[in-house]
Protein chains: 2
Amino acid sequence: MSLAQIRYFVAVAEEGHVGRAAERLHVAQPPVSRQIRALEDELGTPLFARTPRGMTLLPSGEAFLDHARGILAAVERAGDAARGAARERPPLTPAPRSSAAG
Amino acid sequence: MSLAQIRYFVAVAEEGHVGRAAERLHVAQPPVSRQIRALEDELGTPLFARTPRGMTLLPSGEAFLDHARGILAAVERAGDAARGAARERPPLTPAPRSSAAG
DNA sequence: GCGTCCAATACCGTTTCGATCTCGCGCCCC
DNA sequence: GGGGCGCGAGATCGAAACGGTATTGGACGC
């Protein structure tokens, strides 16, 4: 499982179409289709029902969707936290020459 | 940022050594060193201080560590949730011939 | 100064990923 | 009932990413 797969899954779940999700993600349709399949394969259970009109979330997909959104949000927060901490308490001023206590 | 990078980061943070983290992760040392660097590069801030005895977490690294652990745990839960939902409410019994209303 | 331990770099083979092209399937329209 | 069109899925190929081995550079102890 990769973050890309999770992003693909969320996009497909929200759009209901692989093609439209691919458009939103700025990638082609086959990679999205393949990653969704790979995700289902890894989880051992299908997440979508393939209908002639697109993709419909199964119960397993709905359960996964909540967590998936949380994961993506957590990734965002993690980056922000690291950057924020670095701003508040910078590691060590390189101070090549003029030492300035601060 | 990838889940592998997050896993590598947590291992290095907990071990304090790139080499030991690599051992725990069953990979060689250079890939771990590289991914940590790539992660720092993507975040725009260093996460570790390189010392002659190993790697020490910087404030930014400590902030990131909490979130990183949460992300990995959330990934585990996501998979469990999908599998659990599939067990409780299976999508649709194929029922090729004998129709059996539940 | 040399040996040791650490992370970082160079280089290479393999794997993975995405893009293009094509196909099969089911519905709508006529 | 046949043709056209939407959809997802499969095959194939080139590019990027990943990991492994070999090697380098820096700091500490003797």
Side-chain angles (χ1 to χ4, degrees), chain A residues 1-58 60-61 64-65 68 72 75 91-92 94-96, chain B residues 1-58 60-61 64-65 68 72 75 91-92 94-96:
Chain A
M1 181 170 358
S2 70
L3 289 178
Q5 283 175 344
I6 296 175
R7 278 187 244 268
Y8 286 14
F9 166 80
V10 172
V12 173
E14 291 182 354
E15 297 289 345
H17 291 256
V18 172
R20 205 177 284 271
E23 207 171 316
R24 189 215 277 193
L25 295 162
H26 302 294
V27 294
Q29 171 256 319
V32 177
S33 183
R34 214 183 318 162
Q35 294 288 6
I36 295 295
R37 257 197 182 276
L39 181 59
E40 292 178 325
D41 194 55
E42 182 177 339
L43 293 176
T45 180
L47 300 171
F48 292 100
R50 274 75 172 174
T51 78
R53 313 293 290 167
M55 311 273 278
T56 305
L57 271 178
L58 294 174
S60 54
F64 190 79
L65 181 57
L72 297 182
V75 169
L92 253 186
Chain B
M1 181 168 359
S2 69
L3 289 178
Q5 282 175 345
I6 296 175
R7 278 187 244 270
Y8 286 13
F9 166 80
V10 172
V12 172
E14 290 181 354
E15 296 288 345
H17 291 257
V18 171
R20 205 176 285 273
E23 206 171 316
R24 189 214 277 195
L25 295 162
H26 303 293
V27 294
Q29 170 254 321
V32 178
S33 182
R34 235 177 312 171
Q35 295 288 3
I36 295 295
R37 256 197 182 276
L39 180 59
E40 291 177 325
D41 194 54
E42 183 177 338
L43 292 176
T45 180
L47 299 171
F48 291 99
R50 273 76 172 173
T51 78
R53 312 294 289 167
M55 311 271 280
T56 304
L57 271 178
L58 295 174
S60 55
F64 190 77
L65 181 55
L72 296 183
V75 168
L92 251 186

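None of these values were measured; they are calculated from a predicted model. Chain A is the first sequence line, chain B the second, and so forth, proteins listed ahead of strands; every chain is numbered from 1.
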Tell me: CG of A:Leu25 to P of C:dC17, nearest whole Å?
15 Å
The salt bridge (Lys or Arg N to Asp or Glu O under 4.0 Å) partners of B:Arg53 (sequence neighbours excluded) come to none
Looking at residues at least two apart in the chain, or sitting in another chain, which of them share a side-chain contact (heavy atoms from CB on, under 4.5 Å) with B:Glu23?
none
Under the side-chain contact (heavy atoms from CB on, under 4.5 Å) rule, collect the residues that match up with A:Pro31, sequence neighbours excluded.
A:Ala28
Residues in salt bridge (Lys or Arg N to Asp or Glu O under 4.0 Å) contact with B:Arg24, at least two apart in sequence or another chain
B:Glu14, B:Glu15
Side-chain donor or acceptor of A:Ser60 paired with backbone N/O of A:Pro46 under 3.5 Å
yes
Qualifying ring-ring contact (aromatic ring centres under 6.0 Å, His included) pairs with a residue from residues 18-43 of chain A, counting only residues at least two apart or across chains:
none
Separation of C:dA7 atom C1' from B:Glu23 atom CD, nearest Å, is 16 Å
Could you work out, with salt bridge (Lys or Arg N to Asp or Glu O under 4.0 Å) as the rule, every residue matching B:Arg50, not counting sequence neighbours?
B:Glu40
Taking five pairs at each terminus, the helix from C:dG1-D:dC30 to C:dC30-D:dG1 shows an axis bend, to 10°, of 20°
Between P of C:dT16 and CG of B:Leu3, the distance in whole Å:
16 Å
Restricting to side-chain contact (heavy atoms from CB on, under 4.5 Å), what partner residues turn up for B:Ala68, sequence neighbours left out?
B:Ile6, B:Phe9, B:Val10, B:Phe64
What string of B, S and - do you get for nucleotides 4-19 of chain D 5' to 3' if you count protein non-hydrogen atoms under 4.0 Å?
---SBBB-------SB
